[in-house]
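In what follows, chains are A, B, ... by sequence order, proteins preceding strands, each numbered from 1.
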Amino acid sequence: MEIPKQYDPKQAEQNHYERWEKLGFFAPEVNRDEHAPVFSIAIPPPNVTGSLHLGHALQHTMMDVLTRYKRMCGYRTLWLPGMDHAGISTQLMVTRELKKEGLTRHDLGREKFIERVWKWKKESGGQITRQMRREGASVDWSREKFTMDEDLARAVREVFVRLYEDGMIYRGNRIVNWCPNDQTVLSDLEVLKDPQPGKLYYLRYPAKNGEGGVTVATTRPETMLGDTAVAVNPNDERYRELVGSTLLLPLTGREIPVVADEFVDAEFGTGAVKVTPAHDPNDYDMGQRHDLAQIVVIDVHAKMTNEAGADFAGLDRYKARAKVVERFAELGLLEKIVDYEFSISKCERCKTVIEPLISTQWFMRMDELRDLALELMAREKKPRFVPEVPYEKVYTNWLENLRDWTISRQLWWGHQIPAWYTKDGEIIVARSEEEARAKAGTNELTQDQDVLDTWFSAALWPFSTLGWPEQTKDLETFYPTSVLITGRDIIFLWVSRMVMMGRKFMSREPFADVFINGTILDVHGQRMSKTKMNGIDPLEVFEKYGVDATRLKLASVGSTDIRWNDKQVESYRNFANKIWNAARFCLLNSEGATINPEILNTSGPELALHDRWILSRLNKTARDVREALAGYQFHEAVQTLYHFFWDDFCDWYIELTKSDVTAEESTAQRDQARVRLITVLEQALRLLHPFMPYITEDLWQRLPGAHESLLHEAYRGAAPTIMLAAYPEGKASLIDENAEWEMQAVIDLISRVRNIRSEMNIKPSEPVPVLIGSPDEKLRSMFLANAGQIRRLVRASEVSINAQLDAPRASARAVLAGSAEVAVPLAGLIDFAQERQRLGKEKEKLAAEGSKLKAQLANPQFAERAPEEKVNEVRARIADIAQRTAQLEQTVENLQ
RNA sequence: AGGCACGUACGUCAAUGGUAGACGGCUUCCCUUACAAGGAAGAGGUUGGGGGUUCGAGUCCCUCCGUGCCUACCA
């Protein structure tokens, strides 16, 4: 058989995915058992403009691990893929593209522009699906969705209409976050707060009679042109007299009142605040309280309006700022300018400084929806956050302080708001234009030009993708989904909104569990971002180390943040190579053998120790991996598998079977050993498959008898694939603690002898005799049964086992657990001083451990209060140490 | 400003209140016919400092130092 010595991931990654997909293994229909339990995941839809980054690969790996695992457990599994239309960024990308052609979207017109976006989406979206196929994601492509698909659009309109009819969606004129660059309103969550150094300007507003007046402090002097009051705290003695008086607003000649408002912090600045209701959210509120006029001095392009006065009209806001300051200086009204650090609001997408503006927009009232979500958590503790701390609290705290959501956006790309206006300005909200006409009783309607926030449609994702509002079979089967795996940055933007919408329209939470994955940082601990250019393309990592190795590293990230270092993937690449070579060994020695699952079901004294032991290890590993995955402990699962495959299977089991398996002649012993070896390997590959789909499938396909070995019964009749093989169960009945103890004794013995060889500088090629002494007859017969293995693994010329250790004086010795001793006669090789030193070191170690334990036991409180089994454990360990120390002393004496 | 996390080997990270581990790196030896992307044997830790609870603390509590993240309407 042709098997290269080195694992080549590219070769293994080549053909399997296509076959899996073509044969329909990813679709839930592959499962023939109609009573099968269901497992479903709706993918967090990636942004169609982007390409996938490591964070996506991380989440996809975790979702794929769970999906493949559950599928192998016989669940009817659906991992539903799809993409998000990402209104603002997509429109931005296409606008940029147009700009290169010297066009604006207005040149094309709405319809043509949207056509253009669809064309662009096809290309960009294709990139994402290619990447996902490369990752090995076992998503059901036949159910792929896009938030702008007609059926999802229908769900959006349905939700909008129902919420409107319930009075939960309304249109209103309020102050909002406006991005002057994107020309659209943004919700609070799409605004970044960026702390940066700035200036605080102290401006004096004279009293009406030209005397005195008040000094205010502001970071935005240009807004003074729109001031309609100055506010002070009602309890502020300094200004008590002034409340109710009138000031003369410089540069405008406008008379404005001094009002008292609790909001004002007397400690800050001068204690007096200029009030610009049209351009500041707080001032807006104050304006409402005091019935102040709203004077709009800045327009949607962040330029000064005519209202700002002839001197300023048309100026950019920052130029206007400079000019205002200059004028104040000229008038002697600029008291001072101090350095001041404050947070500035920026557009999350384009980083343009937000301009708060008064604008007519659509809003969603959140109080009722919020209560639904909070109730769900309070009563049923749903959804279950993993890790619970701190995310459950983060989630509920945010909900408690939730404010209304601005859902309209001044974009063309997105779900156009299903609201129409009659000539008289009446609002008709309907599912379609026809319905609107019928409702209005006229055909003369114009539809609202705005679209909905992308997150509006995303909030419906878990049920809109399954066919809602139709009562489809899929909806009935797969909702609620089993788990959501996502980053902590969208708990508010997305997770909470899905819960509210799911609760409102499906009466149930959209997912049972929410697993919040850790964030991948760069080597310096910085978040990866486009602007910092420190992102890593997963495809590059795949190229370098292979998909399976990368997946293993990603799966081991878990829920804590990690600093990414390519080097760390290397050890998993080495692991893949180890798997490859272990399989290579098994395959090269598999002639005459076929996988036989029967041997997995029974263990007993008729089996060799290592055979009982590996069955025990295999079942324990399966059990531990299952437990780890049940609690989303991906890291734990990876560690368990890594340790089992490399340490248990490769380092010990293969080594222990070598002598049998590599025999030239076909004997029953050889062939049975071969059957056991490849059968255990096949089980190990199954255990690894959810994490490393390519290499495991590739090797599995080569194993003799794999095609005939049992798929999970739910998949009877399906084409052979490890994907549908039953995941090892982890049977308690096959966990054999006695075999594990005995095997450990053998391993310890071998390790001690190897240690002696190494410390004594005995050449690895030099055979030495090994003498074992133990009064324990059972132990002796156990060593005897494994003497051949021991001899091979320590390169012994002979292994002799006696009740008494009868070794020449010139021997290196070691003490083992269970009152056993081992000696390696080293006539002419031994350096007595060195040997005494070596034993002395060992004695010190024992003494240190022993005195620690004795002190613990000597404490009367310990015996009294600690559980009995702990106390017994300590007693046993002390006894063991005492015995070993005594033997060591004897050994040292023999050396004198 | 508040809230929350984190600080463990040289590095990156693990450890239901019960013997502090893994991987990489490092030292020595070995190309032993599955694998040098490997094998064998080692070195390396008063778990950031201090205090407390407990029979027992990396783990729970307090405090200080350091580092991140989130939330917020101080102009």
If the [atom1] atom of [N] is compared with that of [M], how far apart are they to the nearest Å?
N     : M     : atom1 : value
B:U28 : B:C65 : C1'   : 41 Å
B:U53 : B:A5  : C1'   : 23 Å
B:C60 : B:C73 : P     : 33 Å
B:G2  : B:U63 : P     : 14 Å
B:A9  : B:C26 : C1'   : 12 Å
B:G49 : B:U8  : C1'   : 15 Å
B:G50 : B:A14 : C1'   : 27 Å
B:A20 : B:A57 : C1'   : 12 Å

Protein-nucleotide distance ([X], atom [atom1]; [N], atom [atom2]), rounded to Å:
X        : N     : atom1 : atom2 : result
A:Asp566 : B:G11 : CG    : C1'   : 15 Å
A:Glu400 : B:G2  : CD    : P     : 20 Å
A:Asn761 : B:C29 : CG    : P     : 9 Å
A:Gln633 : B:C13 : CD    : C1'   : 14 Å
A:Tyr572 : B:G24 : OH    : C1'   : 11 Å
A:Gln639 : B:A14 : CD    : P     : 11 Å
A:Ile562 : B:C6  : CD1   : C1'   : 15 Å
A:Gln568 : B:G25 : CD    : C1'   : 12 Å

Q: Any pair with a residue in residues 214-236 of chain A that passes salt bridge (Lys or Arg N to Asp or Glu O under 4.0 Å), sequence neighbours left out, goes on the list, sorted by first then second residue, please.
A: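 The answer is A:Arg220-A:Glu222, A:Arg220-A:Glu355, A:Glu222-A:Arg321, A:Asp227-A:Lys274, A:Asp236-A:Arg238.
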**Q.** Contacts of A:Phe342 that satisfy ring-ring contact (aromatic ring centres under 6.0 Å, His included) - sequence neighbours left out
**A.** A:Tyr340
Q: Only counting residues at least two apart or in another chain, list the ones meeting ring-ring contact (aromatic ring centres under 6.0 Å, His included) with A:Phe644.
A: none
Considering every strand and a 4.0 Å limit on heavy-atom distances, what is the contact class for [X]: base, sugar-phosphate, or nothing?
X        : answer
A:Arg877 : base
A:Glu864 : nothing
A:Pro860 : nothing
A:Glu849 : base
A:Thr560 : sugar-phosphate

Q: Give every residue pair that meets the ring-ring contact (aromatic ring centres under 6.0 Å, His included) criterion with at least one member in residues 385-405 of chain A, sequence neighbours excluded.
A: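 Output for this query lists A:Phe385-A:Tyr395, A:Trp398-A:Phe492.
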Q. Is the A:Tyr7 ring parallel, tilted or perpendicular to the A:Trp580 ring (thresholds 30°, 60°)?
A. tilted
Q) Less than 6.0 Å separating the ring centroids of A:Tyr572 and A:Tyr545? A)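 Not close enough - the centres of the two rings lie 6.0 Å or further apart.
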Q. Going 5' to 3' along nucleotides 67-75 of chain B, which nucleotides have protein heavy atoms under 4.0 Å from the base (write B), which only from the sugar-phosphate (write S), and which from neither (write -)?
A. ----S-BBB
Q: Determine, for nucleotides 32-47 of chain B in 5'-to-3' order, which nucleotides have protein heavy atoms under 4.0 Å from the base (write B), from only the sugar-phosphate (write S), or from neither (write -).
A: --BB-BSSSSS-----
Can you sort out the partners of [X] under side chain to side chain donor-acceptor pair (under 3.5 Å), two or more places apart, ordered by chain and number?
X        : result
A:Arg527 : none
A:Asp698 : A:His16, A:Arg702
A:Trp178 : none

Q.
Nearest heavy atom decides the nucleotide; on that basis, is A:His635 or A:Ala866 closer to the 5' end of RNA chain B?
A. A:His635
Q: For the pair A:Asn517 and A:Ser559, evaluate side-chain contact (heavy atoms from CB on, under 4.5 Å) and give the outcome as yes or no after the intermediate values.
A: CA-CA 4 Å; A:Asn517 60 268; A:Ser559 59; over 6 Å; no
Between side-chain atoms of residues 633-641 of chain A and protein atoms elsewhere (two or more places apart, or another chain), which donor-acceptor pairs fall under 3.5 Å?
unit_1   : atom_1 : unit_2   : atom_2 : d
A:Gln633 : NE2    : A:Gly631 : O      : 3.2
A:Thr640 : OG1    : A:Glu636 : O      : 2.8

Q: Whenever both distances are under 3.5 Å in a Watson-Crick or G-U wobble pair, mark it; put RNA chain B into dot-bracket that way, with [ ] for crossing pairs and | when the partner is on another strand.
A: (((((((..((((....[..)))).(((((.......))))).....(((((..]....))))))))))))....
Q: Please name all residues satisfying salt bridge (Lys or Arg N to Asp or Glu O under 4.0 Å) with A:Lys346, sequence neighbours left out, ordered by chain then number.
A: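 Scan of A:Lys346 (salt bridge (Lys or Arg N to Asp or Glu O under 4.0 Å), adjacent residues dropped) gives A:Asp194.
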Q: Just do the side-chain contact (heavy atoms from CB on, under 4.5 Å) check on A:Leu793 and A:Glu655 with the steps written out, would you?
A: CA-CA 8 Å; A:Leu793 294 185; A:Glu655 293 304 326; 3.9 Å; yes
